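Working notes for the structure below.
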Amino acid sequence: MAASPLTYQWWFNDTALDPVANPSAAQGRLSLTNVTLGNAGPITWWSATPAAPSKSRTATLDVDPQFTKMNEGPVATDRVLSWSGHFGDYDGDGLMDLVVTGYHQTTGKNTRLYHNEGEGRFTAVTSGPWENLTDRVVFGAWADTDNDGDLDLLLSVNEALAPIYMRNEGGGEFSRLPVDQNWFQPPVSLAGQSGNPAWGDLDNDGLLDGILQGPSTFPFRNLGNGPVQRAEQDPDVRPC
């Protein structure tokens with residue numbers, strides 16, 4: 001005679017969970033999504049065969065309240081076409097600021113920089129190049145590329161355009177400097193490099209080198225020899 005199959009029923013706060021709303025409530029493993037503080041509490045399950053019902057020990061589901069959804073402030077209320085977000089403490093106050101990049105197919109003031117004021121509050125930065133940044137930005141990467149103690153920002157844009165370099169001047173101010181073919185010697189076109197940029201010290205000289213991803217991947221060496229951190233292609237690090 002074949003053994004009778006086990007049946008399961010999960011309970012929360014002495015109430016049986018609805019297997020129609022959550023099919024795993026009638027399975028051996030319970031799966032919960034979009035967990036909130038209201039889901040914290042005791043959880044038990046019953047397993048049963050026709051001859052031997054049994055109840056599990058009670059477990060307690062703890063929900064970490066560290067994160068809460070913010071519904072106020074410009075980060076939550078600005079209605080822009082956005083592509084990605086990148087955190088970085090650009091002013092060294094110990095709080096992570098946020099740049100939200102735009103949409104690669106649509107122009108407009110979609111790329112925004114938000115300064116972290118603490119306690120979950122952000123303000124939009126509207127000075128300098130952030131006042132009217134309408135480029136079709138895709139991704140960004142923060143890094144202290146000139147070793148002056150603050151974070152600069154490289155932004156990749158739509159395939160038809162060249163990337164954007166935002167040099168941090170300190171005091172919360174940025175300068176927009178061109179990223180053009182002269183970043184490389186011999187010159188190469190950077191149009192089309194619309195993927196994720198990244199920084200890393202490829203040659204262990206204490207200067208962060210860069211990578212621009214696109215149809216090709218372009219590593220470039222930071223020589224630290226000018227206000228725009230002009231880079232020269234390393235003969236040992238060639239475009240892929």
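All figures in this text were calculated on a predicted structure; none of them were measured in a lab.
In this structure, Asn168 contributes its side chain and Leu151 its backbone to a donor-acceptor pair below 3.5 Å. Side chain of Asn13 to main chain of Thr15: no donor-acceptor pair is present (N/O by atom type, distance under 3.5 Å, no hydrogens or angles). Asp144 contributes a side-chain N or O that, together with a main-chain N or O of Asp148, makes up a donor-acceptor pair within less than 3.5 Å. The closest donor-acceptor contact from the side chain of His115 to the backbone of Thr123 lies at 3.5 Å or more, if one exists at all. Between the side chain of Ser82 and the main chain of Gly102, no donor-acceptor pair closer than 3.5 Å is present. Listed for the Asp209 side chain is a donor-acceptor partner under 3.5 Å among the backbone atoms of Leu202. When atom types are taken as modelled, the side chain of Ser84 and the backbone of Val138 share a donor-acceptor pair closer than 3.5 angstrom.
Residues Asp89 and Asp97 form a side-chain contact, since some pair of their non-hydrogen atoms from C-beta on lies under 4.5 Å apart. Between Arg29 and Tyr8 the shortest side-chain heavy-atom distance does not fall below 4.5 Å. Residues Asn110 and Arg79 form no side-chain contact, since every pair of their non-hydrogen atoms from C-beta on lies 4.5 Å or further apart. In this structure the side chain of Val80 never reaches within 4.5 angstrom of the side chain of Lys109, judged on heavy atoms. Annotation: side chain of Trp10 is in contact with side chain of Ile43 (closest heavy-atom distance under 4.5 Å).
When every heavy atom of Ala143 is checked against every heavy atom of Leu208, the shortest pair comes out as CB-CD1, 3.7 Å.
Here the CG atom belonging to Asn22 is positioned 7.0 Å from the CG atom belonging to Leu17, to the nearest 0.5 angstrom. Between the CG atom of Leu113 and the OG atom of Ser127 there is a distance of 8.5 Å, given to the nearest 0.5 Å. Rounding to the nearest 0.5 Å gives a distance of 12.0 Å between CH2 of Trp130 and CD of Glu173. Atom CD1 of Ile164 sits about 9.0 Å away from atom CG of Leu153, to the nearest 0.5 Å.
With 3.5 Å as the limit, one finds no donor-acceptor pair spanning the side chains of Thr111 and Thr101. Between the side chains of Thr145 and Tyr165, at least one donor-acceptor pair of N or O atoms lies under 3.5 Å. A donor-acceptor contact closer than 3.5 angstrom is absent between the side chains of Glu131 and Thr126. Tyr90 and Asp152 share no donor-acceptor pair across their side chains, judged by distance under 3.5 Å alone.
In the hydrophobic clustering of this structure, Val100 does not group with Val137; members are Ile, Leu, Val, Met, Phe, Trp, Tyr whose side-chain heavy atoms approach within less than 4.5 Å, directly or through other members.
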